[in-house]
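Inspection log for the structure reproduced underneath, given as structure tokens.
We use all heavy atoms of the structure for the numbers below, so side chains are in, but hydrogens, waters and symmetry mates are not.
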Amino acid sequence: MTEQTAPSKFEQQRREKLDKIRQFDLDPYGDRIDGVQPAATVKAAFVDDAEGQTARCAGRIVLHRDIGKLIFITLRDSSGTIQLGLSKKILEGQWDFIKLVELGDIVVADGQLGKTKTGEITIWVESITLLSKALLPPPEKFHGLSDVDMRYRMRYVDLWANPEVMARFQQRSAMTASIRRFLCEKGFLEVETPMMQTIAGGAAARPFITHHNTLDIDLFLRIAPELFLKRLLVGGMEKVFEINRNFRNEGLSTRHNPEFTMMELYQAYADYNVMMDLTEELVCHLIERHCASQTLSFGELSIDYSRPWRRARYADLLKEYGQCDMDDMASVRKRAQELGINDVNKDDAVVVNEVFEATVEAHLINPTFVIDYPAAICPLTRQSKKDPRFAERFELFVGAMELANAYTELNDPVVQEANFRRQLRGQRDDETMAKMDEDFITALKYGMPPAGGLGVGIDRLIMLLTDATSIRDVILFPLLKPLSAKQEQET
RNA sequence: GGGUGAGUAGCUCAGUCGGUAGAGCAACGGCCUUUUAAGCCGUAGGUCUUGGGUUCGAGUCCCAACUCACUCACCA
């Protein structure tokens, strides 16, 4: 995989062809081409039997059938494929060059459109130009690249060797564009807040640390934009959202990448009930627009997104699936021990939540809003006025995966400051580097309107809507251990 | 970090009870003007991840290391 070794025999053969092409006085790395049409558009616009239709398509040669004096090429561009037919009779003068064109090369071709006798729409090529000579051979034409590690490392091959990969990332782009349009049409303002922060707040996660040389200070890559977006509420932006990366220095899994895309939004004068309606509307809007059905498969699961979605209280779900009662901590601790959870020296709220995660979450397949979390685990959320033991917070679970998290924002600076201090006392030194964000408290003291806030994990949303069971399949370049590190470890 | 599975030709994969390494695609040389993963004939291609061990003999069995996947743990 490293290029320090001598070129493979395949590369040597291709370099020899490249030299031959240069001997024809042709440049194997061509220039700008105007008027290129997408393959899918050309095929869709083709009128059967009509004379004189021409097309210009460019792309990569993914199949190559040489029948002697006739060559059929399947050209792939980002829209799909189209067949080129090259006849020696038409291209007599270029034939020696054409015989050197091979799998993996990128070409542009012009010609008359027609159909072969098997009905395939074909460009009968009158001129063909090499735009980029491939020095490395493509992977196996039928199975493509299937080694998972290699696919992620060589996404530039994966994208054209496995068309469903291209399709999924095109879907992702279309879906995020729809999210932006949906929110903008509702009057939300898209903003960008710092990715590098002097205090990494808004969530409980270990941050990445970096350093600014001129200021000689350590900075943290953000773990959440929350505290900055709320400052914008104080500033008078009543509806704001941001779609951007968060960075968390935690483990990797099929559901966790160290950098991931989060959409957070805040709406003044709203609460978590408004956020629930909005979340449901947003996701269903995406499904209606981009998916074939309201029931989507996700790996082995089948998920029904039809509205309304289930809304269930945290405490009730704990009774239903966890067989214990939050009001009876003895029963919860007993259950924790049965589950093998170490509950020694842990707060009641923490033990409850561990039992919840162990027993409830796996059952939440169809979209389910889990509402009214224990206030003790929600330092940024307003407590319920009816029952202060609970916070006005929901998490949305789909496919047993946490997809969204929202709450009625806490806007009382005194309570907020007390919550921060309690949180700092409870943290273990090795876990976080959390510091009190005094400036955020100051902001709240100027008055933040009551508001609802929502965070949606965009990668996970795309996973669910495109049936990708690994987050690495919806991130173009997921974090991988570098190959150089591998080699160093081996020596 | 724990558990399970995997690592064989450029790619996708076989390899039986431990007995001299196989196919398809790609490549190379031929033939072929309507193919659809084109076809036919021929050629070449291997430190079986690495290092030990058992054995007359190891791709195969044992041990260790490395890498990957899944999974658990960690993870608002």
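Heavy-atom distances to RNA chain B give each of A/Gly202 and A/Phe72 a nearest nucleotide, and the one nearer the 5′ end belongs to A/Phe72. Along RNA chain B, the nucleotide nearest A/Glu102 and the nucleotide nearest A/Ser87 are compared for position; the residue whose nucleotide lies closer to the 5' end is A/Glu102.
As the counterpart of B/U60, no nucleotide is assigned, since no Watson-Crick or G-U wobble pattern has both distances under 3.5 Å. B/A21 makes up no base pair with any nucleotide shown, lacking Watson-Crick or G-U wobble contacts both under 3.5 Å. For B/C70, the paired nucleotide is B/G3, the pair qualifying as Watson-Crick or G-U wobble because both relevant distances are below 3.5 Å. For B/C28, the paired base is B/G42 (Watson-Crick or G-U wobble, both distances below 3.5 Å). Partner assigned to B/U49 is B/A65, using Watson-Crick or G-U wobble distances below 3.5 angstrom. Within the shown strands, nothing qualifies as a pairing partner of B/U33 under the Watson-Crick or G-U definition with both distances less than 3.5 Å.
You'll find a donor-acceptor pair under 3.5 Å spanning the side chain of A/His256 and the base of B/C75, going by distance alone. For B/U12, its base never sits under 3.5 Å from the side chain of A/Ser146 at any donor and acceptor pair. A donor and an acceptor atom sit less than 3.5 Å apart, one in the side chain of A/Gln83 and one in the base of B/U35.
Among the atoms of the strands shown, none is found under 4.0 Å from any heavy atom of A/Pro258. Residue contacts for A/Asp147: at a heavy-atom cut-off of 4.0 Å it reaches the sugar-phosphate backbone alone, with no base atom in range. Contacts of A/Lys17 with the nucleic acid, taken as non-hydrogen atoms under 4.0 Å apart, involve only primed sugar atoms and P, OP1 or OP2. If you check every strand for non-hydrogen atoms under 4.0 Å, A/Lys69 touches a base. A/Arg472 comes within 4.0 angstrom of sugar-phosphate atoms only, judged by non-hydrogen atoms across all strands, and of no base. Note on A/Glu395: nothing from the nucleic acid sits closer than 4.0 angstrom, heavy atoms only. Using a 4.0 Å heavy-atom criterion, one finds that A/Thr254 contacts the sugar-phosphate atoms exclusively. A/Ile67 comes within 4.0 angstrom of a nucleotide base, judged by non-hydrogen atoms across all strands. Looking at heavy-atom distances under 4.0 Å, A/Gly85 makes no contact with the nucleic acid at all.
Base orientation for B/C17: syn, the chi torsion being within 90° of 0.
Counting heavy-atom neighbours within 6.0 Å of A/Glu92 CD, excluding the residue itself, gives a total above 12. Within 6.0 Å of CD in A/Glu164 there are more than 12 heavy atoms belonging to other residues, nucleotides or ligands. The 12-atom threshold is not exceeded at CZ of A/Arg245, counting heavy atoms of other residues, nucleotides or ligands nearer than 6.0 Å.
For the pair A/Lys9 NZ and B/C28 C1', the interatomic distance rounds to 10 Å; values are reported in whole Å. A/Phe142 has its CZ atom 19 Å from the P atom of B/C11, to the nearest Å.
A/Cys378 and A/Tyr373 get closest at one heavy-atom pair: SG-CB, 3.6 Å.
B/G15 and B/A58: their C1' atoms are spaced 14 Å apart (whole Å).
For the pair A/Arg153 and A/Asp149, the salt-bridge criterion is met [side-chain N within less than 4.0 Å of a carboxylate O]. Remark: A/Glu102 engages A/Arg14 in a salt bridge, criterion side-chain N to carboxylate O under 4.0 Å.
Taking a centre distance below 5.5 Å and an interplanar angle below 30 degrees as the stacking criterion, A/Phe10 does not stack against the six-membered base ring of B/G10.
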